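Whatever order the structure lists ligands and atoms in, that order sets their numbers, starting from 1. Every value quoted in this text rests on a predicted model; they were computed, and no experiment measured them. The analysis underlying the following values was restricted to heavy atoms, covering all of them including side chains, and did not include hydrogens, waters or symmetry mates.
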Amino acid sequence: MWSATVFTLYPEMFPGPLAHSMAGTALEKRYWTLDTKNIRDHGLGRHRAVDDTPAGGGPGMVLRADVLAASLDAAIEPSDPRPRLLMSPRGVPLTQKMVRAFSKMPGVVIVCGRFEGVDERVIESRTLEEVSIGDYILSGGEIAALTLIDACVRLLPGVMGKDESGHEESFENGLLEYPHYTRPREWEGRTIPDVLNSGNHARIARWRLEQAQKLTRERRPDLWRKVEEP
Ligand code: SAH
């Protein structure tokens, strides 16, 4: 079973949105499991301190290496085959290709940062792979972890219905997805493109591919370049 173990200072944020809809049903059916570890359980002193001021000065606080390492070591066996990820704006930008790879593994171990970040030494010593969900700053790694887990869980065998099996989706073939329409056939004077009512599956497939290419060219020249010259 695919299992996520999440290290966080806010375990009550989990499963949060992942208790609902597709991921929630899959969680109930035990297609995947979620385990949270409160980093503060290994905090120091009466106040269970987990952070301290940055060496060299500057604003904010830094998550302590000794506290995070103790928390990780208490819960994760050295032989655990799952990748150990640290959600971080400095990380490798998460892509659908990485999501697919993570979903084929036994699961993931995720550390959620807080404050200014995490002491570099624990990142090195516990070989945490930094993963970013985009070029913007969140206040903590929890929403990033939820994002990564959600993207993985929907790809697990049996989680998505056959109809929605995910193969033609945006990014799966390097392109953004074609536009969708449903009933009514005419709405506020706008009609569905004729080809979609033609019943000609080859023409429909060709139209969808052309639309996907056009959208990708217009909206994401960075992706389009990779399609043209892989
Ligand atoms: N000072 C840091 C940002 C800290 S934000 C910097 O400039 O790089 C606090 C925590 O939120 C981070 O440790 C990380 O775990 C999480 N976080 C913020 N933005 C993120 C992003 N884009 N992707 C993944 N995690 C992020």
Engineer: Please list the nearest protein heavy atom to atom 26 (C) of ligand 1 with its residue and the distance rounded to 0.1 Å.
Structural biologist: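 Closest protein heavy atom to atom 26 (C) of ligand 1: Pro89 CD, 3.6 Å.
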Engineer: In terms of atom number and element, which parts of ligand 1 are under 4.0 angstrom from non-hydrogen atoms of Ser132?
Structural biologist: 22 (N), 23 (N), 24 (C)
Engineer: Side-chain contact test, heavy atoms from C-beta onward, threshold under 4.5 Å: evaluate it for Leu9 versus Cys112 and give yes or no.
Structural biologist: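 Side-chain contact under 4.5 Å: no.
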Engineer: Students should be able to answer this: which protein heavy-atom is nearest to atom 7 (O) of ligand 1, and at what distance?
Structural biologist: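 Ranking protein heavy atoms by distance from atom 7 (O) of ligand 1, first comes Ile137 CD1, 4.3 Å.
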Engineer: Whether the side chain of Thr147 engages the backbone of Ile143 through a donor-acceptor N/O pair (distance < 3.5 Å, no angle test) should be reported.
Structural biologist: yes
Engineer: Of Gly134, Gly113, Gly60, Ala145, which has the heavy atom at the shortest distance from atom 13 (O) of ligand 1?
Structural biologist: Gly113
Engineer: Considering only heavy atoms from C-beta outward, does the side chain of Leu86 approach that of Glu130 to under 4.5 Å?
Structural biologist: yes
Engineer: Considering Gly117, Cys112, Gly141, Gly58 one by one, which has a heavy atom nearer to atom 16 (C) of ligand 1 than any of the others?
Structural biologist: Gly141
Engineer: State the atoms of ligand 1, each with its element, that fall below the 4.0 Å cut-off from a heavy-atom position in Tyr136.
Structural biologist: 19 (N), 21 (C), 22 (N)
Engineer: Got more than 12 heavy atoms from elsewhere within 6.0 Å of CD, Glu77?
Structural biologist: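 Counting other residues, nucleotides and ligands, CD of Glu77 stays at 12 neighbours or fewer.
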Engineer: To which protein heavy atom is atom 1 (N) of ligand 1 closest, and what is the distance rounded to 0.1 Å?
Structural biologist: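 Atom 1 (N) of ligand 1 sits closest to the protein heavy atom Glu116 O, 2.8 Å.
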Engineer: Taking the side chain as C-beta and beyond, is there a heavy-atom pair between Leu148 and Cys152 under 4.5 Å?
Structural biologist: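 Touching, per the 4.5 Å side-chain cut-off.
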Engineer: Who's closest to atom 19 (N) of ligand 1 heavy-atom-wise, of Ile143, Leu138, Ile133?
Structural biologist: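 Looking at heavy atoms only, Leu138 sits closest to atom 19 (N) of ligand 1.
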Engineer: Same cluster or not: are Met98 and Val109 linked, directly or through other Ile, Leu, Val, Met, Phe, Trp or Tyr residues, by side-chain heavy atoms under 4.5 angstrom apart?
Structural biologist: yes
Engineer: Which bit of Ser88 is near ligand 1, meaning a heavy atom under 4.0 Å away: side chain, backbone, both or neither?
Structural biologist: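 For Ser88, the contact with ligand 1 is made by the backbone alone.
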Engineer: Can you sort out which atoms of ligand 1 are near Val131, meaning under 4.0 Å from one of its heavy atoms?
Structural biologist: 24 (C)
Engineer: Show the atoms of ligand 1 that are less than 4.0 angstrom away from any heavy atom in Ala144.
Structural biologist: 24 (C), 25 (N)
Engineer: Closest non-hydrogen protein atom to atom 15 (O) of ligand 1, residue and atom name please, with distance?
Structural biologist: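 Checking every protein heavy atom, the shortest distance to atom 15 (O) of ligand 1 gives Met87 O, 2.6 Å.
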Engineer: Using side-chain heavy atoms (C-beta onward) and a distance below 4.5 Å, is Glu210 in contact with Arg206?
Structural biologist: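 With C-beta onward as the side chain, the pair touches.
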Engineer: Ligand 1 versus Asp135, non-hydrogen atoms closer than 4.0 Å: side chain, backbone, both, neither?
Structural biologist: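 For Asp135, there is no contact with ligand 1 at all, from either part.
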Engineer: So, do Trp207 and Leu196 sit near enough that their side-chain heavy atoms are less than 4.5 Å apart?
Structural biologist: yes
Engineer: Nearest 0.5 Å, please: how far is CG in Leu63 from CZ in Phe7?
Structural biologist: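 Rounded to the nearest 0.5 Å, the CZ-CG separation comes to 12.0 Å.
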Engineer: Specify the protein heavy atom at minimum distance from atom 9 (C) of ligand 1: its residue, its atom name, and the distance to 0.1 Å.
Structural biologist: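 So the nearest neighbour among protein heavy atoms is Phe115 O, 3.2 Å.
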